Protein chains: 2
Amino acid sequence: MDETLPKGERTRQNILQAAYALFLNQGFHGTSMRQIAARAGLAPGSIYNHFNSKDAIWEILFQERHPYHHVLRILREVGGDTIEDFLRNAARAMVYSLEQQPDFLKMMFIEIVEFNGVHVPSMVKTIYPQILPFLQRFISEEDKLRDIPVPVLFRSFVGLFFSYYITGLMLGNTDLPIFQEGSLEQFVDIFLHGVLKQLEVR
Amino acid sequence: MDETLPKGERTRQNILQAAYALFLNQGFHGTSMRQIAARAGLAPGSIYNHFNSKDAIWEILFQERHPYHHVLRILREVGGDTIEDFLRNAARAMVYSLEQQPDFLKMMFIEIVEFNGVHVPSMVKTIYPQILPFLQRFISEEDKLRDIPVPVLFRSFVGLFFSYYITGLMLGNTDLPIFQEGSLEQFVDIFLHGVLKQLEVR
DNA sequence: CCTACCGATCGGTAGG
DNA sequence: CCTACCGATCGGTAGG
């Protein structure tokens with residue numbers, strides 16, 4: 001934890017970090033304020049010096065730690081001369097992220113299961129301007145792409161990782177052949193082949 | 001409700017139906033036994049004549065109403081001369097199901113968010129034999145398919161609907177152009193193009 | 001003696 | 001930031 005922060009802000013961050021870890025593991029309603037306080041090293045009532053309610057903690061976390069921050073950062077940082085390279089590199093970066101913190105997509109699932117998505121519209125308003133540059137990138141290379149609306153392309157690409165994540169969890173930690181290493185690379189390959197007019201021979 | 005059932009069984013089914021509806025709307029920990037009882041037309045304590053605990057209710061529901069029943073029934077019932085027709089018909093049936101009961105995939109999200117997937121492995125054991133015939137179908141038409149492991153194909157197809165569902169919720173009920181009618185048809189089109197060696201001209 | 005269920009209440013914990 | 005505590009409600013069980 002950053003020692004240079006004012007003490008109050010440090011405590012606030014401790015609470016957020018504790019809540020984030022607990023919510024991802026137990027869900028929102030499965031986590032008590034007492035658990036959060038204990039993990040943050042506080043007395044139960046002290047959280048309310050920093051947040052008005054349990055819901056308020058979720059609202060902050062959903063804004064500040066929504067997976068879209070991570071996904072957009074990846075999309076911004078990866079290079080690629082062609083749209084194909086760009087998508088492959090982005091997918092590879094997503095694989096790496098999912099390995100590093102396998103649960104970071106869970107934020108979205110918690111919002112849907114426990115809040116019925118009530119915080120989603122305002123989040124979309126925030127995201128939308130940040131998505132436009134990438135839609136632009138698809139549009140600028142439209143000649144290489146099949147005739148599919150660009151927003152659908154983008155949605156389909158993002159959906160790929162949810163598809164991979166949820167089916168992975170559905171298959172569980174079984175040894176069935178259906179669950180094998182490298183599947184995501186193959187998911188991406190199916191997507192690229194489905195989206196590009198022609199694929200380079202590789 | 002079936003009047004021919006013995007009264008005890010009828011009550012049991014009322015409880016399961018009430019719990020199912022409430023869990024899909026509020027999540028597991030967000031639903032109280034009292035709410036379930038009220039919706040089933042019972043006194044709060046009476047549930048315990050039929051189930052030992054709240055968890056026991058979830059375990060039954062996760063077994064009996066898991067989306068895989070629905071998905072496998074669709075796959076069994078739809079026809080199609082070619083693998084392409086089969087996949088398109090199956091996808092169309094899934095679209096219809098998602099329109100009729102938009103939340104039926106939520107079961108899986110609740111299990112992941114609120115139970116960390118502890119009930120998944122035993123469910124997979126039950127499913128696996130029922131999946132094999134469809135894998136077989138892919139294998140029998142392998143000559144029409146690109147060189148992708150069949151289990152990955154199947155997983156990718158199932159994942160398509162989760163991808164569509166979750167990105168739909170992420171986009172919320174906004175009027176943004178990214179969310180448009182017919183997107184799922186286009187998702188399926190991308191998948192088919194990504195999976196088939198050649199697509200019929202249409 | 002069984003089932004299905006009641007009103008009331010158990011020990012603990014929820015958010016505040 | 002803590003201790004102490006509230007109104008209410010939690011999941012689960014009592015006797016009849």
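Keep in mind that this is a model prediction, so the values were computed, not measured. Chain naming here is simple, since letters A, B, ... match the order of the sequence lines and numbering starts at 1 in each.
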In whole Å, what is the span from the [atom1] atom of [X] to the [atom2] atom of [N]?
X	N	atom1	atom2	answer
A/D55	C/dG15	CG	P	10 Å
B/L22	D/dC10	CG	P	12 Å
B/I36	D/dT9	CD1	C1'	15 Å
B/M33	D/dT13	CE	C1'	11 Å
B/Q35	D/dC10	CD	P	7 Å
A/H29	D/dG11	NE2	C1'	16 Å
A/N49	D/dT3	CG	P	13 Å
B/R10	C/dT3	CZ	P	17 Å

* Asked: If you pin A/R34 and A/G41 to their nearest nucleotides in DNA chain D, which one's is more 5'?
  ->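 Residue closer to the 5' terminus by nearest nucleotide: A/G41.
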
* Asked: Of the candidate nucleotides C/dG15, D/dG11, C/dC5, which contains the atom at the shortest distance from the side chain of B/L42?
  ->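 When the side chain of B/L42 is considered, C/dC5 is the closest of C/dG15, D/dG11, C/dC5.
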
Rounded distance in Å between the [atom1] positions of [N] and [M]:
N	M	atom1	answer
C/dG16	D/dA4	C1'	13 Å
C/dG11	D/dT9	C1'	13 Å
D/dG12	C/dA8	C1'	13 Å

* Asked: Taking the nucleotide of DNA chain C with the closest heavy atom to each, which residue, B/R12 or B/P44, is nearer the 5' end?
  ->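 Per heavy-atom nearest nucleotide, the more 5' residue is B/R12.
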
* To do: Mind checking A/S46 for me? I need base, sugar-phosphate or nothing, with any heavy atom below 4.0 Å counting as a touch.
  =>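 Base, at least one base heavy atom under 4.0 Å.
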
* Asked: Under 4.0 angstrom, heavy atoms only, what part of the nucleic acid is A/A43 near: base, sugar-phosphate, or nothing?
  ->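 Since a base atom lies under 4.0 Å of A/A43, the category is base.
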
* **A/N52, CG atom: more than 12 neighbouring heavy atoms under 6.0 Å** =>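 Result for CG/A/N52: open.
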
Side-chain N or O of [X] closer than 4.0 Å to phosphate OP1/OP2 of [N]:
X	N	value
B/H50	C/dC5	yes
A/T11	D/dC1	yes
B/Y48	D/dT13	no

* Give a yes or no on whether a salt bridge exists between B/D143 and B/K197, defined as a side-chain N under 4.0 angstrom from a carboxylate O. =>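 Here B/D143 does not pair with B/K197 in a salt bridge, since their nearest N and O are not under 4.0 Å apart.
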
* Asked: Are side-chain N/O atoms of A/Q13 and A/E9 paired as donor and acceptor at under 3.5 Å?
  ->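 Side-chain D/A pair, A/Q13 to A/E9: present.
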
* Asked: Are A/R12 and A/Q17 linked by a side-chain donor-acceptor pair shorter than 3.5 Å?
  ->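 No, because no side-chain N or O of A/R12 sits under 3.5 Å from a partner of the opposite role on A/Q17.
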
* To do: Find the distance between CG (B/L169) and CZ (B/F109) and round it off to the nearest 0.5 Å.
  =>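 Here the rounded value is 7.5 Å.
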
